[in-house]
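As a basis for the values below, the full set of heavy atoms in this structure was taken, side chains included, without hydrogen atoms, waters or symmetry mates.
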Amino acid sequence: MLYTGLGLTVIATVTPYADRATTHLLADHIRDGYPAYSPARVDSAVNTYLVLLSVVGALGVLAWFGSTWAVKAGKRWARLASTMVFVLGAGVGLTGLLIKDTSGATGLPPALGWAGVVPSLAGALAIALLWRNPRHGHHASTRTAP
């Protein structure tokens, strides 16, 4: 499930770039919210969103790699740290989906907002599985004391 979340995060990070090259949902959304914006100002806003979403996506990828490593290594703190990263990531995803900008509309068009939330669904399942299965997230020693 951790690898699924990683893959979904990569897809969510690439989606705004695919939108820029094809459907222009983000540019249209900005233009609809700010009809007085010139094409150059809309393009600048799109670029700002791309940088912001790329940074968020890169941090998400690092979080997935870190969680995967910690779980595989059997670190005692893996479940708690993964849970904290999930809460943070889900909060960021929901913020991207729900936050309103000064135009009164959401900052992102719904399709891009939902793309940012989808990795959290994998995260929720991964966290549930981590807490259900006590052998993950810490070393279960099979050695006995001498």
| query | Sequence neighbours excluded, which residues qualify as salt bridge (charged side-chain N to carboxylate O under 4.0 Å, His left out) partners of D28? | reply | R31
| field | Hydrophobic cluster identity match, V87 and L6, side-chain contacts under 4.5 Å | value | yes
Please output the side-chain donor-acceptor pairs of residues 55-66 that fall under 3.5 Å, not counting sequence neighbours, one pair per line with the distance.
from: W64; atom 1: NE1; to: G5; atom 2: O; distance (Å): 3.4
from: W64; atom 1: NE1; to: T9; atom 2: OG1; distance (Å): 2.7

| P109 to L26 - nearest heavy-atom pair and separation | CD-CD1, 3.7 Å
| note | Heavy-atom closest pair (P119 atom, A12 atom, distance to 0.1 Å) is CG-CB, 4.1 Å
| remark: By side-chain contact (heavy atoms from CB on, under 4.5 Å), T68 pairs with (sequence neighbours left out) L2, Y3, K72
| field | Those residues that, when tested against S54, pass side-chain contact (heavy atoms from CB on, under 4.5 Å) (two or more places apart) | value | Y17
| request: Work out which heavy atom in A27 is nearest to a heavy atom in V42; give both atom names and the distance. | output: O-CG1, 3.7 Å
| task | Answer yes if F86 and V117 sit in the same cluster of Ile, Leu, Val, Met, Phe, Trp and Tyr residues linked by side chain heavy atoms under 4.5 Å apart, and no otherwise. | result | no
| task | Identify the two heavy atoms, one from L8 and one from A122, that lie closest to each other, and give their separation to 0.1 Å. | result | CD1-CB, 3.9 Å
| request: May I have all residue pairs that pass side-chain hydrogen bond (donor to acceptor under 3.5 Å, both in side chains) and include part of residues 83-98, sequence neighbours excluded? | output: T83-W131
| field | From CG (L94) to OG (S120), nearest 0.5 Å | value | 6.5 Å
| task | Begin from the C-alpha positions of D43 and R20 and carry the test side chain to side chain contact (heavy atoms under 4.5 Å, CB included) through to its verdict. | result | CA-CA 10 Å; D43 193 48; R20 184 177 191 185; 3.1 Å; yes
| message | Has D19 got a side-chain atom pairing as donor or acceptor with L112's backbone, closer than 3.5 angstrom? | response | no
| query | Would a distance-only check, ignoring hydrogens and angles, find a side-chain to backbone donor-acceptor pair under 3.5 Å from H29 to T106? | reply | yes
| request: Would you list the pairs meeting ring-ring contact (aromatic ring centres under 6.0 Å, His included) in which at least one residue belongs to residues 30-56, sequence neighbours left out? | output: Y34-Y37
| task | Answer whether the closest heavy-atom distance between the side chains of L80 and M84 falls below 4.5 Å. | result | yes
| Can you name the nearest heavy-atom pair linking L50 to P16, along with the distance? | CD2-CB, 3.5 Å
| message | So, taking the atom named CZ in R79 and the one named CG in L129, what distance separates them when rounded to the nearest 0.5 Å? | response | 12.0 Å
| note | Here the pair of heavy atoms bringing L130 nearest to S82 is CD1-CB, 3.9 Å
| query | With a 4.5 Å heavy-atom cut-off, do L53 and L108 have their side chains touching? | reply | yes
